[in-house]
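After the structure tokens below, expect a handful of questions from me.
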Amino acid sequence: MKKVNLKKQLKTAVMGGSFDPFHLAHLNSLLTVKEKFELDQIFLIPAFKTPLKNEKKEINPFHRLEMLKRIAENYTFIIIDDQEINRKGVSYTYKTINELTKKRKIEELFFIMGLDQFYILDQWKNYKTLLQKTNLIITSRPGNHFPKKLSDFPFGLREFIKKRKIDHIKLKVTKDTSKNKTQEGKSIYFCELKDMDISSSDIKKRLFEKKEFSHLLPQEVDTYIKQNKLYTNEAKAPDHTQSLINLSIQELKKKKAYDIKLYDLRKKPLPFSFAVIAIASNTRQTVAIANHLKRTIKNKFDIKPWGEEGKDSAKWIVLDFGDIVFHIFYDYTRKFYKLEELWEDSLINSNYPAIQRKSS
């Protein structure tokens, strides 16, 4: 007798963006799309840096990620994926889709995007990867017109359109050159949302002007923004970061680093908020300090560095933990890299007792 496969095929969607901050229109889009397309799970993937957008400095990635985690606690179908933040640099969607499909078994994948981005989709880097690997769900508020005739579509997509129906577009079969086989053509679906005239830029403007904004946000996000005083000059370090800083300073002293300095860089156009500079007596000590910091932070916070540089030469080791970056210098190397001169106005504590080297 032929076996019947009773395992349900999961319908999975991906939604990316800055989420700076995540607001009720984002949530409305997720709930509407989930219901209409009977999705089982939706991955929210916050960008580290969004391409094709001339944006001002975004809120630190740690904060944007934490806001999404609080949303996911109340909606079991939402899964947070931090791969773009971990990868750093410009966040390209084709890389994200490749990584997601490589690591997870996904039978049917959808990518959710707004109508404004759909009209410039052929400007996205390697956009054809999306057409080959995902079905697209294009969302828009009432009053905006979805494309109907071929000339309404982005120029780069027109050659892929096979059939145009009322609520979706069928794409042509494509060839997977890496596996030398053809793939079934994906589809583009259109989904009209309830009218919610909300944007992240409007919320940030309201915050700056000290106007009411709570009605535009999920309660979890509203609470987090107020607790951390985000989007204001009073923004404070997350508890996670403050605890990490305090522990790290203690551990640097234990390992006999000296001339330890802490800089608050939240007002600088940088992708991190704090920096710590510490000096080691020799290259062997720089490696020992770096390894000790990594082990201690992993044991205490279960966090690994997003990036690490300089370990081979050991003259200047950089440990990037997202919100905070450590610069561990061999003392003679430091003379050539005058970071303090760039950041001196941001020095918030240079009073850590210096552990002086013994003279030989």
Side-chain angles (χ1 to χ4, degrees), residues 14-22 26 43-69 79-104 109 111-114 116-117 120-130 132-134 200-201 204 230 238 240-241 244 263 265-276 290 293-294 297-298 301 303-313 316-328 337 339 342-343 346:
V14 172
M15 183 176 179
S18 298
F19 303 116
D20 186 28
F22 183 93
H26 288 134
F43 284 86
L44 286 186
I45 307 181
F48 183 79
K49 182 179 179 182
T50 309
L52 298 181
K53 238 181 180 181
N54 184 21
E55 279 217 50
K56 296 179 180 177
K57 183 175 181 282
E58 295 166 340
I59 281 294
N60 186 279
F62 173 83
H63 285 304
R64 294 190 282 115
L65 188 60
E66 283 300 308
M67 286 188 274
L68 293 184
K69 286 179 179 178
I79 301 172
I80 308 304
D81 186 322
D82 59 1
Q83 63 164 291
E84 292 188 354
I85 288 177
N86 289 338
R87 194 161 59 231
K88 303 190 79 169
V90 177
S91 301
Y92 291 114
T93 302
Y94 82 93
K95 287 185 178 179
T96 301
I97 295 300
N98 284 339
E99 187 70 15
L100 191 67
T101 53
K102 182 172 69 176
K103 287 188 173 180
R104 300 176 183 267
L109 183 61
F111 184 79
I112 305 167
M113 65 189 308
D116 57 336
Q117 287 298 306
I120 59 171
L121 180 58
D122 56 354
Q123 297 178 34
W124 287 27
K125 190 175 181 66
N126 293 348
Y127 68 93
K128 293 179 182 179
T129 297
L130 268 68
Q132 293 169 347
K133 294 192 172 185
T134 73
S200 295
S201 58
K204 286 183 278 192
L230 301 185
H240 157 98
T241 302
L244 195 155
Y263 296 86
L265 303 168
R266 284 174 289 181
K267 294 182 181 180
K268 302 281 186 182
L270 296 167
F272 51 92
S273 297
F274 297 89
V276 171
L293 268 184
K294 286 190 294 182
I297 292 172
K298 177 69 172 66
F301 299 98
I303 297 173
K304 294 181 180 179
W306 293 2
E308 179 177 357
E309 297 177 13
K311 191 172 181 180
D312 291 341
S313 68
W316 176 13
I317 297 178
V318 179
L319 298 178
D320 180 355
F321 284 91
D323 212 39
I324 176 171
V325 175
F326 296 92
H327 297 265
I328 306 164
Y337 299 96
L339 294 179
L342 295 175
W343 299 341
S346 302

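For clarity, every value in this text was computed on a predicted model and none was experimentally measured.
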To the nearest 0.5 Å, what is the distance between CG (N126) and CD (Q132)?
9.5 Å
As an exercise, state the distance from CG of L100 to CD1 of I79, rounded to the nearest 0.5 Å.
9.0 Å
Are any non-hydrogen side-chain atoms of Q83 and K95 less than 4.5 angstrom apart?
no
Nearest-0.5 Å distance that lies between atom CG in L68 and atom CE in M15
10.0 Å
Could you check whether any side-chain N or O of S200 sits under 3.5 Å from a backbone N or O of P21, counting only pairs where one atom can act as donor and the other as acceptor?
yes
Residues T50 and S18: closest non-hydrogen pair is OG1-OG, 2.9 Å
Heavy atoms, side chains only, cut-off 4.5 Å: are Y92 and T129 in contact?
no
side-chain contact (heavy atoms from CB on, under 4.5 Å) assessment of N98 paired with K133:
CA-CA 9 Å; N98 284 339; K133 294 192 172 185; 2.6 Å; yes
Say whether, by atom type as modelled, one donor and one acceptor occur between the side chain of S91 and the main chain of F48 under 3.5 angstrom.
yes
Parallel, tilted or perpendicular: which fits the ring planes of F111 and W124, with parallel below 30° and perpendicular above 60°?
perpendicular
Find out whether K304 and K298 are in side-chain contact, i.e. whether some heavy atom of one side chain is under 4.5 Å from a heavy atom of the other.
yes
Just verifying a value: how many Å separate I112 CD1 and H26 NE2, rounded to the nearest 0.5 Å?
11.0 Å
Within the structure provided, determine whether I317 and L319 are in side-chain contact (heavy-atom separation under 4.5 Å).
yes
Cationic N near anionic O, under 4.0 Å, R87 to E99:
no
Are M67 and F19 close enough that some pair of their side-chain heavy atoms sits under 4.5 Å apart?
no
Tightest non-hydrogen contact, residues E84 and A47, listed as OE1-CA, 3.1 Å
With side chains defined as the heavy atoms from C-beta onward, is the minimum distance between T96 and D81 less than 4.5 Å?
no
I would like to know whether F274 and L244 meet side-chain contact (heavy atoms from CB on, under 4.5 Å); could you show each step before the answer?
CA-CA 11 Å; F274 297 89; L244 195 155; over 6 Å; no
Can you confirm whether L121 sits close enough to M113 that some side-chain heavy atom of one is under 4.5 Å from a side-chain heavy atom of the other?
yes
Indicate the atoms forming the closest heavy-atom contact of P46 with R64, along with that distance.
CB-NH1, 4.3 Å
Taken to the nearest 0.5 Å, the spacing of L265 CG from I324 CD1 works out to 10.0 Å
Given side chains that start at C-beta, do those of I328 and L293 come closer than 4.5 Å, heavy atoms only?
yes
